[in-house]
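Only a predicted model underlies this, so the values are computations on that prediction, with no experimental measurement involved. Every chain is numbered from 1 and lettered A, B, ... according to where its sequence line falls, protein lines coming before strand lines. In what follows, every heavy atom counts, from backbone to side chain, and hydrogens, waters and symmetry copies are set aside.
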2 protein chains.
Amino acid sequence: MVAYTPSAMKAELHERGWRMTPQRETILNTFQNVAKGEHLSAEELCELLKEEGAPISLSTIYRNLKLMSRMGILRELELAEGQKRYEINQPSPHHHHHLICVRCNKTIEFKNDSVLKAGAKMADKSGYHLLDCQLLIHAVCPACQRSIMPV
Amino acid sequence: MVAYTPSAMKAELHERGWRMTPQRETILNTFQNVAKGEHLSAEELCELLKEEGAPISLSTIYRNLKLMSRMGILRELELAEGQKRYEINQPSPHHHHHLICVRCNKTIEFKNDSVLKAGAKMADKSGYHLLDCQLLIHAVCPACQRSIMPV
DNA sequence: TATTGATTGAGAAACTTTCGCATTACGGAT
DNA sequence: ATCCGTAATGCGAAAGTTTCTCAATCAATA
Ligand SMILES: [Mn+2]
Ligand SMILES: [Mn+2]
Ligand SMILES: [Zn+2]
Ligand SMILES: [Zn+2]
């Protein structure tokens, strides 16, 4: 779990016989510059890049979101219903977890280094190479507890 | 996060003006009797119940997996790609987390009460009513580290 | 600069999940 | 025990997300 520069990503791609492309660099830069707490879906990233005048096809976005997640550059989140969301994967001082209301999807980010350490230790102990470690808390927020809404 | 009996589930449904049904009881019993470490998808549950001679329609299964997750009876897991998986949500002595290889999907379950406590504390501090707390570790297993496979 | 194979873009296809609606049946009241 | 209002089911259709196919393009190496 390191913060990636384009050239670091390029080097790691080359190790495996793969290539750096303008599209991959654009995606990396976009996630590094997006506001903290933003969790982009594939569709949203596609729209954002279109607006910014650097469009990338949806197929390519899907391919690279998966690739970059499996490299440990991005983290894949299943927060709300329906689609996966992504954010840059940052090491300890910025690393965080998510607390989600299952009714309204309100999401709180919080830090907990001892949880991160416990996860890293577990992966290490099992001989796994760590890519991402996220504590996912499903709960009902105060507002939704007061409402009489379905489920 | 309590272990549910059919009648406890029934009581909680009634509190909200809802009903207990044979289908809901079947689903609850199935998850309580399935082998530890099994994570069923909607489709798999549907097939299993068909084989056992107590078929339930796929729509109803989807509806109730969501309902029971939001009640805290089941926990919703996004382990492998493609579809959500479910397991019974059990309290502390049996509660566990998941370590997943992103390449071959080999999954290890492990316990860590201090992580669970940290999650519960975080939810409580924020006034959220806790439903589920899972540490999700994405990593590459030893076998896949040795292989030269794509990503 | 030429070559090779990874990558892209566009649309089709696959797959999971939700929706609409007629029918069934749970559970409170009679 | 029976009735009634409405939640829940089952079926098929529909929606929505993600993957696949394949010709065209382009990154990286010699
Ligand atoms: Mn986040
Ligand atoms: Mn499990
Ligand atoms: Zn809420
Ligand atoms: Zn593996």
Side-chain angles (χ1 to χ4, degrees), chain A residues 6-7 9-28 39-47 49-50 53-71 74 76-86 102 105 148-151, chain B residues 6-7 9-28 39-47 49-50 54-71 73-74 76-86 102 105 148-151:
Chain A
S7 64
M9 177 172 169
K10 182 171 184 170
E12 193 163 321
L13 285 167
H14 285 188
E15 275 178 29
R16 314 191 197 188
W18 298 333
R19 299 173 182 172
M20 192 55 168
T21 65
Q23 288 87 344
R24 286 174 180 171
E25 183 158 350
T26 297
I27 293 173
L28 176 59
H39 305 120
L40 295 174
S41 68
E43 196 80 44
E44 286 168 354
L45 175 59
C46 194
E47 287 309 311
L49 293 174
K50 202 177 290 172
I56 298 178
S57 81
L58 192 55
S59 303
T60 297
I61 286 176
Y62 270 108
R63 278 187 291 247
N64 285 317
L65 289 179
K66 178 176 284 190
L67 175 73
M68 292 167 74
S69 295
R70 293 186 171 194
M71 291 176 72
L74 300 179
E76 195 173 76
L77 311 169
E78 186 76 29
L79 301 180
E81 296 293 306
Q83 70 238 1
K84 295 196 184 73
R85 296 180 168 276
Y86 298 82
V102 297
N105 290 325
I148 27 147
M149 280 303 325
V151 191
Chain B
S7 65
M9 178 172 168
K10 182 171 183 171
E12 193 162 321
L13 285 167
H14 285 189
E15 273 179 28
R16 313 192 197 188
W18 298 333
R19 298 173 185 176
M20 192 56 168
T21 65
Q23 289 88 345
R24 286 175 179 170
E25 183 159 349
T26 297
I27 294 174
L28 177 59
H39 305 119
L40 295 174
S41 67
E43 196 80 44
E44 287 169 353
L45 175 59
C46 194
E47 288 308 313
L49 293 175
K50 203 176 292 173
I56 297 178
S57 82
L58 191 54
S59 301
T60 297
I61 287 177
Y62 270 109
R63 278 187 291 245
N64 285 317
L65 288 180
K66 177 175 284 188
L67 174 74
M68 291 167 74
S69 296
R70 294 185 171 195
M71 290 176 73
I73 297 173
L74 300 179
E76 194 173 74
L77 311 169
E78 185 78 28
L79 301 178
E81 296 293 308
Q83 70 240 1
K84 295 195 184 74
R85 295 180 169 277
Y86 297 82
V102 298
N105 289 326
I148 26 147
M149 281 303 327
V151 191

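Of all non-hydrogen atoms in B:Leu58 and B:Ala42, the two that sit nearest each other are CD1-O, 4.0 Å. Pairing each heavy atom of B:Leu13 with each of B:Arg19, the nearest pair is CD1-O, 3.4 Å. The minimum heavy-atom distance linking A:Met20 with A:His14 is given by the pair N-NE2, 4.2 Å. Closest non-hydrogen pair, A:Leu65 versus A:Ser69, comes out as O-OG, 2.8 Å.
A heavy-atom distance below 4.5 Å is not found between the side chains of A:Glu43 and A:Gln83. Side-chain contact between A:Glu76 and A:Tyr86 is present, with heavy atoms from C-beta onward closer than 4.5 Å.
Atom P of nucleotide D:dT17 and atom CD of A:Glu78 are separated by 12 Å, given to the nearest angstrom. Rounded to whole Å, the distance from CG on B:Leu40 to P on C:dT17 is 13 Å. Atom-to-atom, CD of A:Glu12 to C1' of C:dA6 comes out at 17 Å; the value is rounded to the nearest Å. Protein atom CD of B:Gln83 is 17 Å distant from nucleotide atom P of C:dA14, rounded to whole Å. Straight-line distance from the CD atom of A:Glu43 to the P atom of D:dG16: 11 Å, rounded to whole Å. Whole-Å rounding puts the B:Glu25 CD to D:dA8 P distance at 15 Å. With rounding to whole Å, A:Arg24 atom CZ is found 11 Å from C:dA6 atom P. Rounded to a whole Å, the CG atom of B:Leu79 is 15 Å from the P atom of C:dT16.
Of the two residues contacting DNA chain C, namely B:Arg63 and B:Gly82, the nearest-nucleotide position lying further toward the 5' end is that of B:Gly82.
Taking 4.0 angstrom as the limit, A:Asn64 places none of its side-chain polar atoms (N or O) nearer than this to OP1 or OP2 of C:dT7. Contact annotation: B:Gln23 side-chain N/O to D:dG10 OP1/OP2 distance is under 4.0 Å.
In this structure, B:Arg24 contributes its side chain and B:Pro6 its backbone to no donor-acceptor pair below 3.5 Å.
For the side-chain contact (heavy atoms from CB on, under 4.5 Å) criterion with B:Ile56, the lone passing option out of B:Thr26, B:Thr21, B:Asn64 is B:Thr26.
Contacts of residues 55-62 of chain A with DNA chain D (heavy atom under 4.0 Å): A:Ser59, A:Tyr62.
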Exercise. For nucleotides 24-30 of chain D, just jot down a letter per nucleotide in 5' to 3' order: B, S or -, based on protein non-hydrogen atoms under 4.0 Å.
Key: ---BS--
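Here B:Glu25 contributes atom CD and B:Lys10 contributes atom NZ; the two are 8.5 Å apart, rounded to the nearest 0.5 Å. We find the CD-CZ distance between A:Gln23 and A:Arg63 to be 9.5 Å, quoted to the nearest 0.5 Å.
Under 4.0 Å is where a charged nitrogen must lie from a carboxylate oxygen, and between B:Arg85 and B:Glu44 at least one such pair does.
Overall, the helix from C:dT1-D:dA30 to C:dT30-D:dA1 carries an axis bend of 50° between its ends, with five pairs at each end and the value rounded to 10°.
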